[in-house]
Number of protein chains: 2
Amino acid sequence: MVDVAQLAGVSSITVSRTLLTPELVTPATRRMVEKAIKQCGYIPNRVAGSLAANRSRTVAVIVPTISNSLFADTVQGITDLLEAHGYHVFLGTSNYDIKEEESLVSAFLERRADAMVLTGISHSPTTKKLLRNAGIPVVEMWNLTPRPIDMAIGFSNFEAARKMTLFLASRGYRKIGFLGGVTENNDRTRDRERGYLAALAELGIAAVENRIVRTPFDFPMGGTAIAALLSKSPSLDAVFAASDVLAIGAILECNRRGWPVPSKIAIAGMDDSPLGSQLSPKLTTVRIPRYGIGTVVGEHLIERLRGQASSKRIVDLGFEIVEREST
Amino acid sequence: MVDVAQLAGVSSITVSRTLLTPELVTPATRRMVEKAIKQCGYIPNRVAGSLAANRSRTVAVIVPTISNSLFADTVQGITDLLEAHGYHVFLGTSNYDIKEEESLVSAFLERRADAMVLTGISHSPTTKKLLRNAGIPVVEMWNLTPRPIDMAIGFSNFEAARKMTLFLASRGYRKIGFLGGVTENNDRTRDRERGYLAALAELGIAAVENRIVRTPFDFPMGGTAIAALLSKSPSLDAVFAASDVLAIGAILECNRRGWPVPSKIAIAGMDDSPLGSQLSPKLTTVRIPRYGIGTVVGEHLIERLRGQASSKRIVDLGFEIVEREST
DNA sequence: GCGCAAAATGTTAGCGCTATCATTTATGGG
DNA sequence: CCCATAAATGATAGCGCTAACATTTTGCGC
């Protein structure tokens, strides 16, 4: 930077200002400096800048996985908004493990991220403590809680599952099974299971443990799980899967076995992944504002990073049941 | 850090050493310091550390997208290896746009990443210049080139497509269409198209432009594209899709329309995405060492970051044709 | 207990930038 | 043309850490 300054015949602080606050520099000077920067091939050192300014212009986002494209839209939404405001988004994946999440949070805090976005509301006590002490904006997304660390932006996974179960009942299905995720450390899938059970209770249908299967989220497991479910409870007339991945795997397994969907067994999913509408039969599911969560998270962070008190600490973005052919 | 040092009754450099090179500190002192760290809730400032040490213990990885789970395994492979060696992986997505890639490269260089991993071998001239001048290890992955910026680790997309086309011919198919990606800025899909054409030439089959459709990689486009292809060239007996996403979309469309696969039309894909083996019919495809690419990239980077000259600058990890039911 | 090498710890300077305040230069009204 | 004010630029210090070297302590053979 000193080289650039000399070449442009100004002091280094003017170079710094040309980069950070060009409106404070006379256009003529600015052009000189910009020319010198190009000539030197100067690449600003943001590590030094972050240290001096005590801010990194960096926001960390932690999602459980990127193997499943579920969170990709949300990350895109966050990125689109924040990059437009000069922030850089760093992505980490926790593999649905709160210990891994904790170590990511530490890593990002050590690198002085200006804000942090987590997926879900289940975190280790250490994670929560670290974030409360960090004094930076924190968003928990994809689920709601009355007592967020700082902000919660998402939708009620409980209500979504409850409504879908009630919807299945309204279509005449009574023996409704549940294909759930592994609930440990996954509050979204846990709330979805709770929603399913709550709906059954409202309907006066007894919950039966062997109508429930819990399995990791991947396509083959969806197939395995529905086969297991129907062999345990052959009289089921519908299955609600806590994730489209499982629902799709289940439909494909039914196709392979020649079981007609929905006449033998109705299948509903959740998340509205793009593949669902391509299957035969097309998948009934719950649409979630995946990209919207991202943009709203971004907007709130920008507000807070500008020092404004955020308008709302808890934002419910809702969901929508999409009835297609599989129910 | 000064607080920690005082509390532990040592100098700050000892605290630093306890964190960086604990083997240089007496166990007793180490325990004191660790206790003091815990007591203070001290979080090391790696921004300052990076500035002082002139290294960030950070590796940047740029992939085209995370919406398609294709690259997720590779990223996981890189991450698994590098985290084990104390490096942190930062992920960026370029959306198949070399200008976006360029700005990501700048952003990562400004943050002084210790190494950089790019997907593919097509980059803007500025990107290449920046990276050559940066003096850090650079890997281009998922494709090969005789003249990499620094290292290339992947497989020959050309050969993979050529072999698959020849394979289709060996099964008796002669009128083979091609479902390609958008070749602009995507060297992998471009090489795959070239491989398809080279195979046709070897077979003495004339390439026909209306047996080729190029489309963005998503499931619905696979369906649209195969319908378009068969309406333009109804006599096709096979289609080779440059990506499983398209092949899967195509098979689902055939299922919807009641077109039997492979008896009416055979369909082959490439990438071996997990969904392919769940479809009816199961998808014939090319298996690619997705995770393996990641680990090999990681290994080579570690070597280089330790200052060793890398064993090889170009690594061909190969591929494998997986014949299933769709051909 | 002495001397010496090795191990452990400390001192100092400086990484490259920006915040803060100081200074210089332009602007414009009387 | 002067002075008050604003705009533009500069000097200086310091962000929190580690590299490099300096010093002290320990261990050990004799």
Side-chain angles (χ1 to χ4, degrees), chain A residues 1-34 36-37 40-58 86 88 106-114 134-136 307, chain B residues 1-34 36-37 40-58 86 88 106-114 134-136 307:
Chain A
M1 183 182 244
V2 171
D3 304 344
V4 175
Q6 259 168 1
L7 199 88
V10 296
S11 73
S12 61
I13 185 70
T14 302
V15 176
S16 173
R17 270 197 277 257
T18 308
L19 260 28
L20 259 71
T21 48
E23 69 278 7
L24 294 183
V25 177
T26 310
T29 319
R30 203 188 307 168
R31 276 191 298 274
M32 299 248 59
V33 173
E34 278 158 1
I37 286 176
C40 293
Y42 168 68
I43 295 173
N45 185 332
R46 289 211 195 261
V47 175
S50 299
L51 180 61
N54 198 29
R55 56 197 288 253
S56 59
R57 292 166 180 277
T58 270
H88 195 88
S106 289
F108 285 128
L109 249 26
E110 288 175 4
R111 284 171 177 84
R112 294 301 185 261
D114 291 338
I136 58 174
Chain B
M1 182 182 245
V2 171
D3 303 344
V4 175
Q6 259 169 0
L7 199 87
V10 297
S11 74
S12 59
I13 187 67
T14 302
V15 177
S16 173
R17 272 198 275 257
T18 308
L19 259 28
L20 259 71
T21 48
E23 68 278 9
L24 295 183
V25 177
T26 311
T29 319
R30 201 187 310 166
R31 274 192 299 275
M32 298 249 59
V33 172
E34 277 158 0
I37 286 175
C40 292
Y42 169 67
I43 295 172
N45 185 334
R46 289 212 195 259
V47 175
S50 299
L51 180 62
N54 197 31
R55 56 197 287 253
S56 59
R57 291 164 180 279
T58 270
H88 196 88
S106 288
F108 285 128
L109 248 27
E110 289 176 3
R111 284 173 177 81
R112 295 299 184 265
D114 291 338
I136 58 173

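Convention: sequence-line order gives letters A, B, ...; per-chain numbering from 1.
Between Thr26(B) and Leu51(B), the residue anchored nearer the 5' end of DNA chain C, judged by the nucleotide with its closest heavy atom, is Thr26(B).
In terms of heavy atoms, Val33(B) sits closest to Ala8(B) at CA-CB, 4.0 Å. When all heavy atoms of Asp114(B) and Ser56(B) are compared, the closest pair comes out as OD1-N, 3.0 Å. Residue Pro22(B) comes nearest to Thr18(B) through the heavy atom pair CB-O, 3.5 Å, listed as atom of the first residue, atom of the second, then distance. Listed here is the closest heavy atom pair of Leu109(B) and Ala134(B): CD1-CB, 4.0 Å. For the pair Arg111(B) and Arg57(A), the tightest heavy-atom approach, listed with the atom from each and the gap, is NH2-O, 3.4 Å. Summarising the geometry of Leu51(A) relative to Val47(B), their closest heavy-atom pair is N-CG1, 3.6 Å, with the distance given to 0.1 Å.
At distances below 3.5 Å, not a single donor-acceptor pair connects side-chain atoms of Thr14(B) with backbone N or O atoms of Val10(B). Arg46(A) places no side-chain N or O within 3.5 Å of a backbone atom of Glu110(B) that could act as its donor or acceptor partner.
Distance, Arg57(A) CZ to dC17(C) P: 15 Å, rounded to whole Å. The distance between atom CZ of Arg55(A) and atom P of dC17(C), rounded to the nearest whole Å, is 17 Å. A straight line from CD1 of Ile13(B) to C1' of dT12(C) spans 11 Å, rounded to a whole angstrom.
Interface residues of residues 14-25 of chain B facing DNA chain D, ordered by number: Ser16(B), Leu20(B); criterion, heavy-atom separation under 4.0 Å.
At least one side-chain heavy atom of Leu19(A) sits less than 4.5 Å from a side-chain heavy atom of Tyr42(A).
Across all strands, Val47(A) comes closer than 4.0 Å to no nucleic acid atom at all (heavy-atom distances). Using a 4.0 Å heavy-atom criterion, one finds that Val2(B) contacts no nucleic acid atom at all. The residue Ser50(B) sits apart from the nucleic acid: no heavy atom pair falls under 4.0 Å. Residue Asn54(A) is out of contact with every strand shown, counting any heavy-atom pair closer than 4.0 Å.
Put simply, chain B comes within 4.0 Å of DNA chain D, heavy atom to any atom, from dG16(D) to dA19(D), going 5' to 3'.
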